[in-house]
Amino acid sequence: MSVADQLDRVFREEWSQVLATLIRVTGDWEVAEECVQEAFAAALRTWPEDGVPDKPGAWLTTTARRRAIDWMRREAVGAAKLREVAVTMDWPEEPEHDLLRLMFTCCHPALAMETRVALTLRTLAGLSTAEIARAFLVGEEAMSERLTRAKQKIKHAGIPYRVPPDHLLPERTPAVLAVLYLLFNEGYSATAGAELVRRELATEAIRLARLLVRLMPDEPEAGGLLALMLLHNARRDTRSAGGVLVTLEEQDRSRWHLDEITEGTELLDAVLRRRRPGPYQIQAAIAACHATAPTAADTDWPQIAALYGQLQQTPVVALNRVVAIGMADGPAIGLRLLDELDGYYLLAATRADFLRRLGRFTEAAEAYRAALALTKSEAEQAYLQRRLDQVSV
């Protein structure tokens, strides 16, 4: 592996941790990000000659801290603050709490919900502005301005860089869960491009979800979200083949990761005993229905349809409920129910699938063409094209 490739891997693994620590050390978001970027630039210059350090994260953190002290000296920061930052060079590392501080700061109520999610995706996951803009369906320039305003608001409004006290955790936790779920989805179902599964993002989301479960063991929705991620992630190796999407019913279940399915279902069973389930627990229960079915024919579609009925009926949920009903009661019933739904980009693909199952191939072909025009994922495009070819013969 080349040094450039190693540095890219280290960036994915260490960016959020180094940045979280630098924000704690400096107390300034913009300065911290600039110092971390300079540390990675220094690694790119020196590692090809000196080799990659045994502990690259520690090397980057130390380098970034030194850049921070240099910046403070240039800016004539007070001696007391300089001594404080210098002392932190010898502080014991607090990696988990630094990341938690960063998560909860990004998700502070003073910031709009979408801004909280976008800022955390940028700082904790290292997503590019373009990737975040795509997830929010806005322009890259607009997202860049939103991120800049958010960091300025954190600085000027004095938003604390800390994990909230216990009495504030219930009202602050949903925003953090939403961030992690969006991060996982961007990793598990890439919104565009050739790669259907961006495993490093899904892995990062699972890691952060585990961290939240350890921090808040009595919060059922944190456990529900982690169970949901694990049950989905267990199927990661079978979701595409040769760059083409493989549907759930066609996936090779012998290649699913049984350890993650077992962990996910056991965790779900534990949190469901506590109180009325929240949306993440319900979604995890749906995923468990799929993950524990020995074959596609054994899937408990009536139970899945009932579970979708317990969720808030967003366009995505409503469509998935119709799919479940169609699988349970027949494609003709599913097709009729589709007419009651508002537009959503997967609607055409679902309509095409119901029509194909009914043998109405000419109509199915038209629906597949409409679906092809609405997706940017190359894996999904390849799957839809394959289905279109099948019904066009």
Side-chain angles (χ1 to χ4, degrees), residues 117 121 125 127 135 176-191 193 195-213 220-241 244-272 277-296 298-301 303-305 307-308 310-311 314 316-317 319-321 323-324 327 346 349-350 375 377 379-380 383:
V117 175
L121 289 174
L127 267 68
V176 176
L177 296 177
V179 166
L180 298 186
Y181 193 35
L182 182 58
L183 172 57
F184 178 81
N185 282 334
E186 178 60 25
Y188 187 70
S189 300
T191 55
E195 192 175 2
L196 182 66
V197 180
R198 300 173 61 189
R199 294 185 179 176
E200 71 276 8
L201 297 183
T203 299
E204 176 70 6
I206 290 173
R207 184 180 69 82
L208 294 173
R210 290 188 191 280
L211 183 59
L212 276 183
V213 169
E221 278 290 77
L225 177 60
L226 177 56
L228 175 61
M229 291 179 179
L230 290 168
L231 291 165
H232 279 318
N233 204 55
R235 299 191 288 107
R236 62 187 178 276
D237 293 336
T238 63
R239 297 188 66 239
S240 65
V244 180
L245 172 71
V246 179
T247 62
L248 184 59
E249 67 178 323
E250 296 174 325
Q251 290 174 15
D252 180 358
R253 295 173 185 238
S254 68
R255 296 177 57 209
W256 289 358
H257 293 260
L258 184 59
D259 56 339
E260 289 182 301
I261 293 173
T262 300
E263 182 184 359
T265 53
E266 290 178 351
L267 178 59
L268 178 61
D269 288 342
V271 297
L272 283 175
Y280 292 116
Q281 294 167 77
I282 294 172
Q283 290 176 76
I286 294 169
C289 288
H290 289 298
T292 57
T295 68
D298 295 317
T299 304
D300 190 347
W301 288 109
Q303 174 68 12
I304 292 172
L307 287 167
Y308 273 121
Q310 297 180 36
L311 293 169
T314 65
V316 177
V317 170
L319 178 59
N320 285 331
R321 179 172 175 270
V323 170
M327 295 300 292
L346 284 176
T350 304
T375 180
S377 167
E380 290 179 357
Y383 164 77

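Atom OG1 of residue Thr265 and atom CG of residue Leu231 lie 6.5 Å apart, to the nearest 0.5 angstrom. Here the CG atom belonging to Leu228 is positioned 11.5 Å from the CG atom belonging to Leu180, to the nearest 0.5 angstrom. Here CD of Gln283 is found 10.5 Å from CE of Met229. Values are rounded to the nearest 0.5 Å. Residue Leu311 holds its CG atom at 5.0 Å from CD1 of Ile286, rounded to the nearest 0.5 Å. In this structure, CG on Leu258 lies 11.0 Å from OG1 on Thr292, to the nearest 0.5 angstrom.
Taking all atoms of both residues into account, the shortest heavy-atom contact from Ala284 to Gly224 is CB-O, 3.7 Å. Counting all heavy atoms, side chain and backbone alike, Ala287 lies closest to His232 at CB-CE1, 4.1 Å. Taking both residues in full, the closest heavy atoms of Ala324 and Ile304 are given as CB-CG2, 3.9 Å, listed atom of the first, atom of the second, then distance. Annotation for Ala222 and Val213: closest pair O-CG2, 3.6 Å, computed over non-hydrogen atoms. Residues Ile261 and Ala234 share a closest heavy-atom pair of CG1-CB, 3.5 Å. Closest of all the heavy-atom pairs between Asp252 and Ser254 is OD1-OG, 2.6 Å.
Take Thr314 and apply the side-chain hydrogen bond (donor to acceptor under 3.5 Å, both in side chains) test, not counting sequence neighbours, and it matches no residue. By the side-chain contact (heavy atoms from CB on, under 4.5 Å) test, Ala285 is found to be paired with Leu268, Leu307, residues two or more places apart in sequence or in another chain being considered. In this view, Asp298 and Ala293, Pro294, Thr295 satisfy the side-chain contact (heavy atoms from CB on, under 4.5 Å) rule, not counting sequence neighbours. Applying the salt bridge (Lys or Arg N to Asp or Glu O under 4.0 Å) test to Glu249 and every residue at least two apart in sequence or in another chain returns Arg357. Residues meeting the side-chain hydrogen bond (donor to acceptor under 3.5 Å, both in side chains) test with Thr247, sequence neighbours left out: Glu250. The salt bridge (Lys or Arg N to Asp or Glu O under 4.0 Å) check on Asp237 picks up Arg199, with sequence neighbours excluded. Judged as a salt bridge (Lys or Arg N to Asp or Glu O under 4.0 Å), and not counting sequence neighbours, the contacts of Glu204 are Arg207. Partners of Gln251 by side-chain hydrogen bond (donor to acceptor under 3.5 Å, both in side chains), not counting sequence neighbours, listed by chain and number: Arg235, Thr238, Trp256. Taking the side-chain contact (heavy atoms from CB on, under 4.5 Å) definition, one finds that Arg210 meets it with Ile206, Arg214, Leu226, Leu230, Glu263, sequence neighbours left out. The ring-ring contact (aromatic ring centres under 6.0 Å, His included) check on Tyr280 picks up Tyr181, with sequence neighbours excluded. Legend: residues meeting side-chain contact (heavy atoms from CB on, under 4.5 Å) with Pro277, ordered by chain and number and at least two apart, are Leu272, Gln281, Ile282. The ring-ring contact (aromatic ring centres under 6.0 Å, His included) test applied to His257 returns no partner, not counting sequence neighbours.
Leu248 places a side-chain heavy atom less than 4.5 Å from the side chain of His290.
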Give the intermediate values and the outcome of side chain to side chain contact (heavy atoms under 4.5 Å, CB included) for residues Phe184 and Asn233. CA-CA 9 Å; Phe184 178 81; Asn233 204 55; 4.2 Å; yes
Pair Leu177-Leu212, side chain to side chain contact (heavy atoms under 4.5 Å, CB included): steps then yes or no: CA-CA 9 Å; Leu177 296 177; Leu212 276 183; 4.0 Å; yes
